[in-house]
Amino acid sequence: MSLSDHPRAYGTAALTVAFIAGVLVTLGFKDLYPELEARYQRRRKGSRRGSIFFGPVNLEDREESSLVDYYDRGNGIVDGVEGTIGNTPLVKIRSLSDATGCTILAKAEYLNGAGGSPKDRVALNMIRAAEEQGLLSPGRGDTIYEGTVGSTGISLAVLARARGYKAHICMPDDMAIEKSDLLHHLGATVERVPVAPITDPGHFVNLARSRAKEHTASSDTPSHGFFADQFESLANYTAHMKTTGPEIYAQTGGGRLDAFVAGAGTGGTIAGVAKHLKEERGLTSLRVVLADPQGSGLYNKIRHGVMYSSTEREGTRRRTQVDTMVEGIGINRITENLEAGRPLIDDAVRVTDDQACRMARWLVEHDGIFIGSSSAVNCVAAVVTALKMPKGSRVVTILCDSGTRHLSKFWKHIAAMGLEDETQKQDEDLLAVLGLENLRRAAD
């Protein structure tokens, strides 16, 4: 009697043979398991886990930089709030890409987890550098002093508490009130001071420097006052050279980008990224473009080699602040940080307040992206840059911070312009909205 005469018996025998074969195969390969596991672990070491929405981001461990320990988010558990800094996603902005025929990518720096801006990287690096030099020591009662328009102060306030220090922030009194309110809630001492030129001792940066000196000179306390000095401290641009730049290089598949666009306040971001990509990675054909708001002198400095006429430079002008509602970028002097990368900047784009407001509203309506004023300037400049490049080019820019820090000034002005009264139509033309029709004709 054959098995074919009894289907049930045949099926049982077949399953038995398959089971025995599986066991034999497993035993035969058991000696390979350690090697396979070792290979898997080696692969994991070469890759950092990215966002579940944007996939893994491969970063290289660079022996010359100990910052990687702080900027690597690892595989689930990070060490303190410092571990939430860095490895931010690179986001394709679909509406801008469609309108320009280029791929416009934005580094979402507002997703840094300490202060919610690229200044998290800078603040951490400045604090660590000061600790290494003995200028700051946890538990001694030291205070970090800084003059800032907001974002750096917020990052310093968070990280100061996390590392055992106090923070004292001086800022102009024309900045959005929500920034100083947030600083108060973070435990920082805040001085909102009248707007003054950099030549005035009462300028917010000069005041912070004086406060730090007074603190250290005081005889009634062993604690020190440390002036962070973000505008001139080279720990600023080196933070971006060692972290932001390498991340962009890795996220673009080994430097597959044609232009990098960013604004400059201190100048640390554009200088640091440019130095990494152009000097360290050898991307000599990369076009680095400065995004500058109206009233700032950097556009003229990059395009024409002069800031302004002698009657308009900072300290001599009747209006002492840059004449723009944009906060965080735009300045009328060259800082040490910007100077470090200035020879690597190829061009500049000037962006009006009107264009920045319309871009910010456009991104909410078409991409669900809610940003602040400096990010809007970056995005306008990225569009202008893309329109001057061959179709299919890849342009990377920076989303600095969320619009929630700009409600009382920038977004209030957007509402006053009537841009929120009617939602923009999905088929509306971006270039017409921004007044860039002439660039479309040039591109065509």
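This is a predicted model, so every value here is computed, not measured.
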Working note: Asn125 + Thr238, criterion side-chain hydrogen bond (donor to acceptor under 3.5 Å, both in side chains); need CA distance, chi angles, decisive distance, verdict. CA-CA 8 Å; Asn125 201 30; Thr238 55; 3.2 Å; yes
Side-chain contact test, heavy atoms from C-beta onward, threshold under 4.5 Å: evaluate it for Thr244 versus Glu247 and give yes or no. no
Short side-chain to backbone donor-acceptor contact, Asp429 and Leu431, under 3.5 Å: yes
Ser97 and Lys92: side-chain donor and acceptor closer than 3.5 Å? no
Donor-acceptor contact below 3.5 Å, side chain Asn112 vs main chain Gly86: yes
Please lay out, stage by stage, how Gln230 and Thr152 fare under the test side-chain hydrogen bond (donor to acceptor under 3.5 Å, both in side chains). CA-CA 8 Å; Gln230 62 165 326; Thr152 304; 2.7 Å; yes
CD1/Ile302 to CE/Met307 distance, rounded to the nearest 0.5 angstrom? 8.5 Å
Nearest-0.5 Å distance, CG of residue Leu430 to NE2 of residue His366: 8.0 Å
Counting C-beta onward and ignoring hydrogens, is there a side-chain heavy-atom pair between Leu183 and Met171 closer than 4.5 Å? yes
Between Leu159 and Ala123, the two heavy atoms sitting closest are CD1-CB, 3.8 Å
All heavy atoms of Leu124 vs all of Arg163, minimum pair found to be CD1-NH1, 4.0 Å
Is there a donor in the side chain of Glu146 and an acceptor in the side chain of His168, or the other way round, less than 3.5 Å apart? no
For Leu136, does its backbone N or O pair with a side-chain atom of Glu131 as donor and acceptor, under 3.5 Å? no
Side-chain donor-acceptor contact under 3.5 Å, Ser117 with Glu109: no
Taking side-chain contact (heavy atoms from CB on, under 4.5 Å) as the definition, give me every residue that meets it alongside Thr335, ordered by chain and number, with sequence neighbours left out. Phe231, Glu232, Ile331, Asn337, Leu338
Identify whether the distance between the nearest side-chain nitrogen and carboxylate oxygen of Asp292 and Arg303 falls below 4.0 Å. no
Using a strict 4.0 Å threshold on nitrogen-to-oxygen distance, state whether Arg287 and Asp258 make a salt bridge. no
Tell me, please, which residues at least two apart from Val349 pass side-chain contact (heavy atoms from CB on, under 4.5 Å). Val289, Val351, Ala381, Val384, Thr385
4.5 Å side-chain heavy-atom contact, His276 and Pro246: yes
Flag, side chain of Ser180 to backbone of Ala176, donor-acceptor distance under 3.5 Å: no
Give a yes or no on whether the backbone of Val205 and the side-chain of His203 come within a donor-acceptor separation of less than 3.5 Å. yes
Which of His215, Glu214, Arg211 passes side-chain hydrogen bond (donor to acceptor under 3.5 Å, both in side chains) with Tyr145? Answer is His215
Minimum-distance pair of heavy atoms, taken over all atoms of Arg256 and Arg394: O-NH1, 2.8 Å
Between Ser375, Ser373, Ser151, which is the residue that forms a side-chain contact (heavy atoms from CB on, under 4.5 Å) with Cys400? Ser375
Side chains of Trp411 and Glu420: closer than 4.5 Å at any heavy-atom pair? yes
Derivation of the side chain to side chain contact (heavy atoms under 4.5 Å, CB included) call for Thr404 and Phe370: CA-CA 8 Å; Thr404 56; Phe370 185 53; 4.0 Å; yes
Ile329 and Gly263 have their tightest heavy-atom pair at CG2-C, 4.0 Å
Taking 4.0 angstrom as the limit, do Asp98 and Arg94 come out as a salt bridge? no
For residues His224 and Arg140, is any side-chain donor paired with an opposing acceptor at under 3.5 Å? yes
Locate the shortest heavy-atom distance separating Leu156 from Ala228; write the atom from each residue and the value. CD1-CB, 4.1 Å
Could you check whether Arg209 and Asn206, counting side-chain N and O atoms only, form a donor-acceptor pair closer than 3.5 Å? yes
Out of curiosity, Lys409 NZ to Ile414 CD1, how far, rounded to the nearest 0.5 Å? 12.5 Å
As an exercise, state the distance from CD1 of Ile104 to OG1 of Thr397, rounded to the nearest 0.5 Å. 8.5 Å
The test is side-chain hydrogen bond (donor to acceptor under 3.5 Å, both in side chains); show your working for Ser155 and Asp120 and say whether it passes. CA-CA 5 Å; Ser155 296; Asp120 280 0; 2.5 Å; yes
Side chain to side chain contact (heavy atoms under 4.5 Å, CB included), that's the test. Do Ile154 and Leu186 meet it? Break it down for me. CA-CA 8 Å; Ile154 293 167; Leu186 291 172; 3.9 Å; yes
From OG1 (Thr252) to CG (Leu105), nearest 0.5 Å: 8.0 Å
Between Ser296 and Pro293, is there a donor-acceptor pair closer than 3.5 Å when you use the side chain of the first and the backbone of the second? no
d(Leu344 CG, Leu286 CG) to nearest 0.5 Å is 9.5 Å
Minimal heavy-atom distance between Ala108 and Thr88, with the atoms involved, is O-CB, 3.4 Å
Counting C-beta onward and ignoring hydrogens, is there a side-chain heavy-atom pair between Lys412 and His406 closer than 4.5 Å? no
Under 3.5 Å, is there a donor-acceptor pair between the side chain of Glu132 and the main chain of Ala129? no
Going by an N to O cut-off under 4.0 Å, is there a salt bridge joining Lys179 and Glu327? yes
Mind running side chain to side chain contact (heavy atoms under 4.5 Å, CB included) on Leu434 and Trp362 for me, showing each step along the way? CA-CA 10 Å; Leu434 298 178; Trp362 173 279; over 6 Å; no
Report yes if some heavy atom in the side chain of Val395 is under 4.5 Å from a heavy atom in the side chain of Thr103; otherwise report no. no
Contact between Ile398 and Phe260 at the side-chain level, heavy atoms closer than 4.5 Å - yes or no? yes
Checking side-chain contact (heavy atoms from CB on, under 4.5 Å) between Tyr237 and each of Glu339, Lys242, Lys275, Glu336, which is the one that passes? Lys275
Where do Leu399 and Lys107 land on the side chain to side chain contact (heavy atoms under 4.5 Å, CB included) test, with the steps shown first? CA-CA 6 Å; Leu399 298 182; Lys107 187 87 165 127; over 6 Å; no
Give a yes or no answer on whether the side chain of Asp401 reaches the backbone of Ile371 with a donor-acceptor pair at less than 3.5 Å. no
Are Leu298 and Ile334 close enough that some pair of their side-chain heavy atoms sits under 4.5 Å apart? yes
